[in-house]
Structure formats: structure tokens, C-alpha cells
Number of protein chains: 2
Amino acid sequence: MLKIPEHQVAGHKASDGLLGPLIDDSGRFYKPLQGDERGSREVAFYTSLSSNTRVPDHIRKFFPIFYGTQILEASDGSGLRPHLIMQDVVSGHLHPSIMDIKIGSRTWYPQAPEDYFQRCLKKDRETSSLSLGFRISGLQVHGNKESGFWKPERKAVQKLTADEVTLVLRKFVSSNSSADPNLVPDSLFASSVYGGSTGILAQLLELKAWFEDQTIYHFNSCSVLIVYEMESVLKGGSSGAEVKLIDFAHVVEGNGVIDHNFLGGICSLIKFISEILTTP
Amino acid sequence: MLKIPEHQVAGHKASDGLLGPLIDDSGRFYKPLQGDERGSREVAFYTSLSSNTRVPDHIRKFFPIFYGTQILEASDGSGLRPHLIMQDVVSGHLHPSIMDIKIGSRTWYPQAPEDYFQRCLKKDRETSSLSLGFRISGLQVHGNKESGFWKPERKAVQKLTADEVTLVLRKFVSSNSSADPNLVPDSLFASSVYGGSTGILAQLLELKAWFEDQTIYHFNSCSVLIVYEMESVLKGGSSGAEVKLIDFAHVVEGNGVIDHNFLGGICSLIKFISEILTTP
């Protein structure tokens with residue numbers, strides 16, 4: 001029985017009869033394949049990743065598990081359509097706090113058609129991408145019972161300044177984010193979510209080290225997804241915070257060159273998160 | 001007594017009665033200030049750098065020493081014009097091998113005027129910048145007595161592919177570069193110039209570590225200059241190879257964000273040089 005994902009913060013949505021991803025109860029995510037080269041490139045990427053022995057084992061945890069493709073009834077009722085099947089990375093979470101961050105100051109790839117290039121370039125210049133090396137594509141935060149749930153408008157979070165991004169990254173790990181917007185975020189979960197040997201910063205640094213070396217793929221217009229569960233944090237111990245890479249419709253071959261665009265962007269994000277951990 | 005620099009591999013040249021930099025016998029380099037904001041921005045950068053206590057001492061060696069400005073007769077005979085005075089980084093060298101590498105896949109800055117932005121974007125897409133994260137702006141190599149001197153045409157070296165850049169980086173540290181172009185470069189000086197605790201790679205890694213942290217300046221359209229003297233290498237011991245940053249006419253304030261564009265580019269260059277050191 002397929003249903004519409006409850007915890008989606010960015011991308012096309014299947015709600016309101018549109019074409020979008022579906023999930024099942026066993027923890028699988030069904031993403032409709034775009035009919036053009038985007039769909040075939042994403043399948044090609046997952047297929048290549050599965051079999052590429054040059055990708056180290058400790059890096060594979062950053063990618064959703066890939067289960068293949070399947071022809072399914074599309075969410076918009078338009079009929080049968082091939083879907084990518086992969087791990088639903090928020091499956092098992094009750095109240096996940098999620099942030100989708102599109103990495104890179106440039107979201108287009110060198111060989112892109114002129115109209116796609118112009119569209120991406122315009123958006124990169126209008127959003128945080130050009131100045132910060134990444135843009136927040138969407139987020140939701142579960143605070144404590146009193147403050148509840150915060151899911152800001154997508155268009156607005158894409159265009160934040162450096163100071164505003166710092167504030168959002170603080171609110172993302174605060175228990176009082178959803179209350180009065182003028183309230184100073186308490187950053188209560190910062191050290192358990194961002195810090196520590198298994199926290200978000202450590203995971204991003206592990207990814208960064210790989211990007212300094214790997215010349216297999218260039219991850220154009222790809223996102224880092226950060227997920228954690230407030231309940232786990234409050235119980236103490238590990239926050240279970242996870243970094244996942246998603247959206248591979250514009251991945252191209254690296255041809256012996258590192259992905260300097262992705263690397264620069266992830267280093268910028270790392271700097272923002274480091275500052276939050278070191279500045280009380 | 002001012003004269004035209006002998007060892008200039010990129011940038012405007014004072015030869016043939018044009019406007020360009022001059023040098024003297026005491027190791028100073030006189031760069032005519034462009035009348036527009038480029039000139040004022042470069043002076044502003046050197047002035048800021050001189051007094052900025054947040055720039056660590058071990059990073060200052062990567063910048064030419066700044067001696068101020070002076071009004072001088074311009075090289076093109078157009079009359080008096082303010083000049084930047086700085087250290088001539090190849091002074092004291094008899095046969096310097098020099099490479100000028102413009103860092104960054106993007107040479108324009110976010111607030112650039114539309115026509116400048118369009119011109120830079122076009123050039124970045126036509127040259128290696130977009131794909132590699134840097135482009136070689138020019139170079140000269142002194143080989144042994146038989147092979148002599150090699151100074152390829154500037155236009156050609158800006159558009160190299162990854163494999164061609166690797167070949168040029170190998171020829172740059174070879175004793176037989178200038179002979180038959182079909183000859184395999186011997187990479188005789190690779191380990192002494194690129195390798196070792198004081199070599200080019202170590203210096204680039206030191207710069208990289210600073211760029212992962214510093215949010216003071218964004219070095220748009222800035223170059224890394226690599227200089228060494230073949231005679232020093234042949235004598236054994238340290239090659240005296242040096243990395244310098246030059247050309248600060250498009251440096252803007254970092255405003256709390258790392259220079260992800262420069263950082264990505266320098267990481268790409270580091271990967272190329274590392275590969276040469278590890279691949280015989």
C-alpha cells in the first residue's frame with residue numbers, strides 16, 4: 001500500500017494529485033523517474049554506485065540504499081511509470097527534524113543545455129548558493145511539546161544571508177524554534193546533534209575527506225539531508241543524527257577531476273556548523 | 001632605474017610601449033594602478049592585509065611584501081600614474097621556472113557589473129576554469145642546457161583538459177621539457193619541487209588549511225604563482241620552490257563566509273600535484 005510521504009521538506013510533492021514520490025510501510029521510497037535524461041541519469045548513478053569498487057565502504061552509508069526500479073501507478077493518476085526504489089531515510093522516525101541543503105555555488109553542469117544553464121545560473125545568483133556555496137532548500141523542526149513544529153516557507157529559506165543561515169542552523173537544534181520568532185533559539189541540542197564523534201559535523205568532515213580525493217562523480221545540484229529525532233536526543237546518548245546525500249539527476253562523470261564545486265560548498269557548510277559549536 | 005620585467009608569464013606587459021609593470025635592481029615590482037575600482041581595490045587589499053591582525057604570521061609569506069604606492073612615469077609614456085610597489089618575487093633568480101595559475105571555477109564576484117560578469121563567465125566556460133576549478137594563465141620552464149627554455153603560448157595553456165594540465169605540471173618539473181614536444185617529460189625535479197616538507201604541495205596544503213577557516217577575504221580572479229630555480233634543485237638540498245598569491249584587484253570582503261570558490265580550486269590543484277607525486 002503506497003502513500004504520500006509525510007516528512008518531505010523539498011522537491012516535487014505527490015499531494016494535491018501531482019506527480020511525486022510515494023512510500024510504503026516497509027521503509028522504501030518510490031521516486032517517479034522523470035521521462036527525460038534526469039531520470040536515466042539518476043538510475044545510472046545508483047547503478048554505477050552499487051557496483052563501483054572504488055567507492056569506499058565507509059562512504060556508502062551516506063547514500064540511501066538502492067533497491068532497483070519498478071513500474072508503478074504514478075501518484076498523479078497519469079498511469080504506469082517507472083519509479084526508483086530506495087531507502088526511505090526518515091522511515092522509523094516519529095518526529096524527525098529535517099533539513100535539505102543543496103550543495104554548490106553552481107547547480108548547473110558544464111555540458112548543460114543553454115536554457116537549463118541560464119535558469120540555474122539565475123536561481124544560483126538569486127539565492128544563497130552563489131554567496132554561501134549552498135542554499136537551504138527546505139526544513140522542518142520539531143521542538144518540545146510547547147513549541148511544537150516549525151516548517152518555514154521554502155522560497156524564503158533559499159535566499160538567506162550568512163547571518164540568517166546561522167540563525168536557521170541554530171533554530172534547527174533548538175527546543176524553542178517554533179515559538180515566538182523573536183525568541184533567541186536556545187541551541188539546546190547543538191552539541192548532541194552537530195557535535196561529538198558521530199554527530200553531523202564529524203559526518204560532514206568524513207564526506208569532505210572523500211571529496212578531496214574522489215574524481216569519479218561530480219554531484220551537481222545534489223543535496224545533503226540532515227535528519228535527527230528530538231526524542232532520541234532528549235533520552236540522552238547518541239542523537240542518531242544522520243547525513244545523507246540525495247538527488248542524483250545531475251551527477252556526471254568526474255573524469256579525473258575532484259568535484260571542487262561540491263567540496264567548496266560542503267566546506268562552507270562545515271564552517272557554519274563549526275562556528276555554532278564553538279560560539280556559545 | 002626602472003626596467004621591464006624579464007620573467008613575466010601572465011598579465012599586462014610593459015613591452016612594446018604598452019602599460020605594464022616595471023622593476024628595479026633592489027627587488028621591487030612597480031604595478032601601474034588601473035584607474036577604475038580595480039586599482040583602488042588592490043591598494044585597499046594590501047593596506048588591509050598589512051594591518052589585519054587576524055591574518056596569521058605564517059600566512060603572510062604567501063603574499064608579496066607591500067611597500068606602498070608611488071607616482072611614476074608610466075611604461076607607455078602616457079605620463080605620471082600611481083603605481084603599487086611590492087616585492088618582485090622572482091628577483092634574485094637567474095633562470096626561474098614560473099607558473100601562474102588563476103584559481104577558482106568562477107573569476108567574477110557576486111556584485112560585479114553585468115558586462116564584466118558576462119565576460120568572465122564566458123571565459124571561465126571556454127577555459128579550464130569551469131571544469132578544473134583553475135586555469136593556467138602562463139608559464140615558463142628552464143630545463144637543462146640542452147633543452148633550454150620553454151614558454152608556451154598563453155592562449156593555449158588556458159584551455160587545457162585535465163590530462164593536458166597533468167602533462168604541463170609534469171613538464172614544469174622536467175629537465176627535458178623544451179626539447180621534442182613528443183618526448184615523455186622526465187619529471188626529474190618533481191619530488192624536490194612539489195614534494196617534501198617545504199615543497200609546493202606542503203605550501204599549498206598550508207594555504208588550504210587557512211582557506212578552510214578564513215572568512216575575511218574572497219580572492220576572486222587571484223593567481224597562485226609557483227616559482228623555482230633549476231640550478232638550486234640540481235645543487236641538491238631545498239629547491240627553494242615558492243608559492244605566492246598575486247593579483248588582488250577583485251578581492252572583496254568575506255563577510256563571515258569562507259572563500260569556497262578559491263578553496264575548491266586550490267583543492268583541485270592539490271589533487272593534480274598529489275597524483276604526480278604518487279604516480280611514477
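Quick note on labels: first sequence line is chain A, next is B, and so on, each numbered from 1. These numbers come from a predicted model, not from an experiment. Heavy atoms only: backbone and side chains are in, while hydrogens, waters and symmetry mates are out.
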Open item on the list: Please classify the contact between B/Leu263 and chain A as side chain, backbone, both or neither, with a heavy-atom cut-off of under 4.5 Å.
Closed with: side chain
Open item on the list: Using side-chain contact (heavy atoms from CB on, under 4.5 Å), reason through B/Asn261 and A/Asn261 one step at a time and then give a plain yes or no.
Closed with: CA-CA 7 Å; B/Asn261 178 57; A/Asn261 177 57; over 6 Å; no
Task: Atom pair OG (A/Ser131) and CD (B/Gln111), whose distance is rounded to the nearest 0.5 Å - done: 8.5 Å
Task: Gap separating the CZ atom of B/Phe272 from the OG1 atom of A/Thr215, nearest 0.5 angstrom - done: 9.0 Å
TODO: Output the distance between atom OG1 (A/Thr161) and atom CG (B/Asn255), rounded to the nearest 0.5 Å.
DONE: 10.0 Å
TODO: Please test A/Ser268 against B/Val257 for side-chain contact (heavy atoms from CB on, under 4.5 Å), starting from the C-alpha separation and ending with a verdict.
DONE: CA-CA 7 Å; A/Ser268 178; B/Val257 181; 3.9 Å; yes
Task: Side-chain donor or acceptor of A/His260 paired with backbone N/O of B/Gly133 under 3.5 Å - done: yes
Task: Engaged part of A/Phe134 at the chain B interface, taking heavy atoms whose separation is under 4.5 Å - done: neither
Task: Toward chain A, the part of B/Ser274 with a non-hydrogen atom under 4.5 Å - done: neither
Task: Value rounded to 0.5 Å, distance of CD in A/Gln214 from NZ in B/Lys271 - done: 9.0 Å
TODO: Report, as yes or no, whether the 6.0 Å neighbourhood of atom CD on A/Glu253 holds more than 12 heavy atoms from other residues, nucleotides or ligands.
DONE: no
- [ ] Please look at B/Ile266 and chain A and tell me whether the side chain, the backbone, both or neither of the residue comes under 4.5 angstrom of a heavy atom of that chain.
- [x] neither
Task: Greatest number of heavy atom pairs closer than 4.5 Å to chain B - which of A/Asp163, A/Ile270, A/Ile258 - done: A/Ile258
Open item on the list: Is there a side-chain contact between A/Leu130 and B/Trp108 in this structure, where contact means two heavy atoms from C-beta onward sitting under 4.5 Å apart?
Closed with: yes
